[in-house]
Protein chains: 2
Amino acid sequence: MDISIGELSRRAGVKVPTIRYYEQVGLMPLPSRSEAQQRRYGEPEVARLNFIRHARELGFEMDAIRELLALSSDPERPCGDVDRIARRHMAEVEKRIRKLTALRGELRRMIGECGQGRVGECRVIQTLADPSHDHGRLADH
Amino acid sequence: MDISIGELSRRAGVKVPTIRYYEQVGLMPLPSRSEAQQRRYGEPEVARLNFIRHARELGFEMDAIRELLALSSDPERPCGDVDRIARRHMAEVEKRIRKLTALRGELRRMIGECGQGRVGECRVIQTLADPSHDHGRLADH
DNA sequence: TCTACGGCCTCTAGCGACTAGAGGGGCAAG
DNA sequence: CTTGCCCCTCTAGTCGCTAGAGGCCGTAGA
């Protein structure tokens, strides 16, 4: 117990300002304070912050992490909700992969057609200037 | 000629506030104005905005688009720079695809292990709580 | 004793690429 | 005369942080 924010940072692999930010947005609880008003944490906070970091690394959004944290606090609850959140996120990831793969294809084609001549005949520029393409809404990466 | 911002928006497939934003950040030029101070555009602006939209759909960042626009204005220049920008961008896209594919793999494994029991035994929660994983820096999508 | 260092504190602003909203003007049709 | 539509400017919000200013506190070395 009685861990400073710096040590929590080292133990969970999350930067100090990020921890304070998580506190601000309610992902981390308001910690107790030392006499000099410094934050003090314990093992539960280390675990919680590790959970958050790992979920962020897997690309879960903060709202989803909030849900997952709430769900994980009740071990008796059936884990259908957890599963649903994870599947929803995976569907998002797969969508982004499809989108990026399509982009890569078009970029590859475009670059392959560039004959290294002058900009006036450059296929890259011409492709970009051609208004007939439409890839639906602007990309979300 | 003498196209309103609304018609430019329709012709290029870019929302009106976005056009004004592009003007603000210097991607689109300051247009001439009607007597009532409304923006008036011509064909060159339609082409330029289409170029921008298409490049954005391909995921180019605004700085890269600025460069591409500058390069495309000189047809005599050899297009090595254009090619370099496009290749750099494609390398970025490929990096993101690799990252997301790795994430998908881990999500799939995690979800596959969930026995649909209670949260207490849920593999999804356990995997997230396990601090031993480290995927390097937090994901950039 | 002075001073440098490191860690902690709060608060504010910035990133990219928009999007949303407030609050208003002007013009044509019904 | 009112309704609706298009246009204007300006400000603030999105997401998940990150960077910086400015300051406190305690210790260790010269």
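Lettering follows sequence order; numbering is per chain, from 1. As the structure is a computational prediction, the values presented were derived from the model and not from experiment.
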Could you state the [atom1]-[atom2] distance from [X] to [N], rounded to the nearest angstrom?
{"X": "B:Arg56", "N": "C:dG16", "atom1": "CZ", "atom2": "P", "value": "12 Å"}
{"X": "B:Leu49", "N": "C:dC18", "atom1": "CG", "atom2": "C1'", "value": "14 Å"}
{"X": "B:Ile65", "N": "C:dG16", "atom1": "CD1", "atom2": "C1'", "value": "12 Å"}
{"X": "A:Glu23", "N": "D:dG16", "atom1": "CD", "atom2": "P", "value": "18 Å"}
{"X": "A:Glu35", "N": "D:dC24", "atom1": "CD", "atom2": "P", "value": "19 Å"}
{"X": "B:Ile19", "N": "C:dT19", "atom1": "CD1", "atom2": "C1'", "value": "14 Å"}
{"X": "A:Tyr21", "N": "D:dG20", "atom1": "OH", "atom2": "C1'", "value": "18 Å"}
{"X": "B:Met28", "N": "C:dC18", "atom1": "CE", "atom2": "C1'", "value": "16 Å"}

Can you tell me how far apart [atom1] ([X]) and [atom2] ([Y]) are? Round to the nearest 0.5 Å.
{"X": "A:Asp83", "Y": "A:Arg87", "atom1": "CG", "atom2": "CZ", "result": "4.0 Å"}
{"X": "B:Arg53", "Y": "B:Thr18", "atom1": "CZ", "atom2": "OG1", "result": "12.5 Å"}
{"X": "A:Ile97", "Y": "A:Arg104", "atom1": "CD1", "atom2": "CZ", "result": "10.5 Å"}

**Message:** Using the side-chain heavy atoms of A:Pro17, tell me which of these nucleotides is nearest: C:dA17, D:dG16, D:dT18.
**Reply:** D:dT18

**Heavy-atom closest contact (A:His89 atom, A:Gly59 atom, distance)** =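 Where A:His89 meets A:Gly59 most closely, the heavy atoms are CE1-O, 2.9 Å.
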
**Item:** Minimal non-hydrogen separation, B:Leu68 against B:Val82, with atom names
**Value:**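 Between these two residues, the closest heavy atoms are CD2-CG1, 4.1 Å.
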
**Request:** Please tell me if the side chains of B:Val25 and B:Met62 come closer than 4.5 Å, counting only heavy atoms from C-beta onward.
**Result:** yes

**Message:** Counting C-beta onward and ignoring hydrogens, is there a side-chain heavy-atom pair between A:Leu69 and A:Arg48 closer than 4.5 Å?
**Reply:**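 The answer is yes, as the side chains (C-beta and beyond) meet within the 4.5 Å cut-off.
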
OP1 or OP2 of [N] versus the side-chain N and O atoms of [X]: is any pair under 4.0 Å?
{"X": "A:Thr18", "N": "D:dG16", "value": "no"}
{"X": "B:Lys15", "N": "C:dC18", "value": "no"}
{"X": "A:Tyr22", "N": "D:dC17", "value": "yes"}

**Prompt:** What does nucleotides 8-14 of chain C look like as a protein-contact string, B for base, S for sugar-phosphate only, - for none, at under 4.0 angstrom between heavy atoms?
**Reply:** SSB----

